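The sequence lines fix the lettering, A, B, ..., with proteins before strands; numbering per chain opens at 1. Note that this is a predicted model, so its numbers are computed, not measured.
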There are 2 protein chains.
Amino acid sequence: MYTMSVPFFQHIKKFVSIPDEDLPGILSHFQVLKVKKKQNLLENGMVCRTNYFVVKGCLRMFFINDKGTEQTIQFAIENWWISDYLAFLNQKESNFCIQAVETSEVLAIDFQTQEKLLAQYPAMEKYFRCVYQKAFAASQLRVKYMYDFSKEDLYLHFEKWFPEFVQRIPQYLVASYLGFTPEYLSEIRKKRIS
Amino acid sequence: MYTMSVPFFQHIKKFVSIPDEDLPGILSHFQVLKVKKKQNLLENGMVCRTNYFVVKGCLRMFFINDKGTEQTIQFAIENWWISDYLAFLNQKESNFCIQAVETSEVLAIDFQTQEKLLAQYPAMEKYFRCVYQKAFAASQLRVKYMYDFSKEDLYLHFEKWFPEFVQRIPQYLVASYLGFTPEYLSEIRKKRIS
DNA sequence: CGCGACGTTGATTTGCCTCAACGATTGTGG
DNA sequence: CCACAATCGTTGAGGCAAATCAACGTCGCG
């Protein structure tokens, strides 16, 4: 329980300086979870009560479109936060599912507890400000890529920047994240080999 | 100068409670700008030094793709913040331009000044945490729409939720924001009338 | 071993883009 | 206040990127 929270503390310290004696108090606000591959942390239609930090493994957030296919809109690997923030902020039902891509270890904090944590530790307020700022920055860049690149370029770019991730994750999930079909991904990979 | 900052104070008070006597001190960190239609606040290739809050009017952020056409990735109307946050956070060159869609009044704060402001007023740390959290939430939803909807549905949805905005803004900018061509937008509108 | 999940391949279809030309509207200087 | 240009919106023909659908190979796992 304590050793597995080390990556979280390191992540906090990348953004704010915080006395070591505060760390246990901070950690006490979280729940440690082990989730098995394919297990869901958030179900479509349920109130999104929880914000998750991935200590080890990989989660994804997806929804199911009218045609019944899953559309992944976000992955979270080590040191990333994930939640449906619109539903989380308003404590409303979510249209998304959050699912473990691999068996994972996560820290979970529900909305009210997070509010308490932030009120109690101003440094955590700053930490989350930095985390969300970075997340939004990444999101801006992503939207740019979606507009700038063809689907083929999207994949080549993704493969170039996250080669280990492409190994780790089944191809149909990569396709789902980049917004195209597994069949087309197959075609792209065939081209790239020759 | 003072009266035009009222909307900003109101916006702050929607997220945090803050004593009125702090407001002048906070405001002193900002520069008040009037920008004319089509005037640029950030130029492609320049270091992104500034974060902008729109008091009145409308800004947009765009880039120019390989084919030389402008791709709008964000609008900011009254009470929205806008910047290229990746470039802003790292104080690096931006690939974007920020331009006034309408003649506008904005509050501007550069990176170092914002850091000072946040250090001095913990309430502002919370304020920006909320602002970025909301921005990221909106961005998640936007990515969902981009995956979920056809271009036609994107427009109909946009028109339904922001009818006044569609009136206010030239159509080719709406098309550029939604990721398709003015010609295709024309086709969509023709269909909708019949 | 046999089943289900995953990846590949090819034929066909389609949503949307490209390009070019033409109205409509706006704004601006004489 | 008008003339002219520039900007913006529309229309249509043709083309391409990527989806759809169906079938088949392959691998891991119970």
Length of the [atom1]-[atom2] vector between [X] and [N], whole Å:
| X | N | atom1 | atom2 | result |
| --- | --- | --- | --- | --- |
| B:Y155 | C:dC16 | OH | P | 15 Å |
| A:E152 | D:dA18 | CD | C1' | 11 Å |
| A:I188 | D:dA18 | CD1 | C1' | 9 Å |
| B:K191 | C:dT14 | NZ | P | 13 Å |
| A:D148 | D:dA17 | CG | P | 17 Å |
| A:K151 | D:dA19 | NZ | C1' | 10 Å |
| B:D153 | C:dG15 | CG | P | 11 Å |
| A:L185 | D:dA17 | CG | C1' | 15 Å |

Sub-6.0 Å ring centroid separation between B:Y132 and A:F136: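 Not under 6.0 Å, so no.
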
Proximity of A:W81 and A:F128 rings by center, below 6.0 Å: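 When the ring centroids of A:W81 and A:F128 are compared, they turn out to be within the sub-6.0 Å range.
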
Starting the side chain at C-beta, find the nucleotide from [options] nearest to [X].
| X | options | result |
| --- | --- | --- |
| B:T181 | D:dA19, C:dT18, D:dC8 | C:dT18 |
| A:R189 | D:dT11, C:dT8, C:dT9 | C:dT8 |
| A:Y184 | D:dG12, C:dT8, D:dA17 | D:dA17 |
| A:Y172 | C:dC16, C:dC6, D:dA18 | C:dC6 |
| A:F180 | D:dA18, D:dC8, D:dT11 | D:dA18 |
| B:Q171 | D:dT10, C:dG7, D:dA18 | D:dT10 |

Sugar-phosphate only, base, or nothing, as touched by B:E183 at under 4.0 Å among non-hydrogen atoms: base

Below 4.0 Å: OP1/OP2 of C:dT26 and any side-chain N or O of B:K37: no

D:dT20 phosphate, OP1 or OP2, under 4.0 Å from A:K67 side-chain N/O: yes

Qualifying residue for ring pair (Phe, Tyr, Trp, His ring centres under 6.0 Å) with A:Y177, from A:Y145, A:F75, A:F162: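 Of the listed residues A:Y145, A:F75, A:F162, the ring pair (Phe, Tyr, Trp, His ring centres under 6.0 Å) partner of A:Y177 is A:F75.
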
Under 3.5 Å donor-acceptor, B:E115 side chain and B:Q112 backbone: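 Checked: no pair found.
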
Aromatic A:F15 / basic A:K126 pairing, under 6.0 angstrom, 45° off normal: no

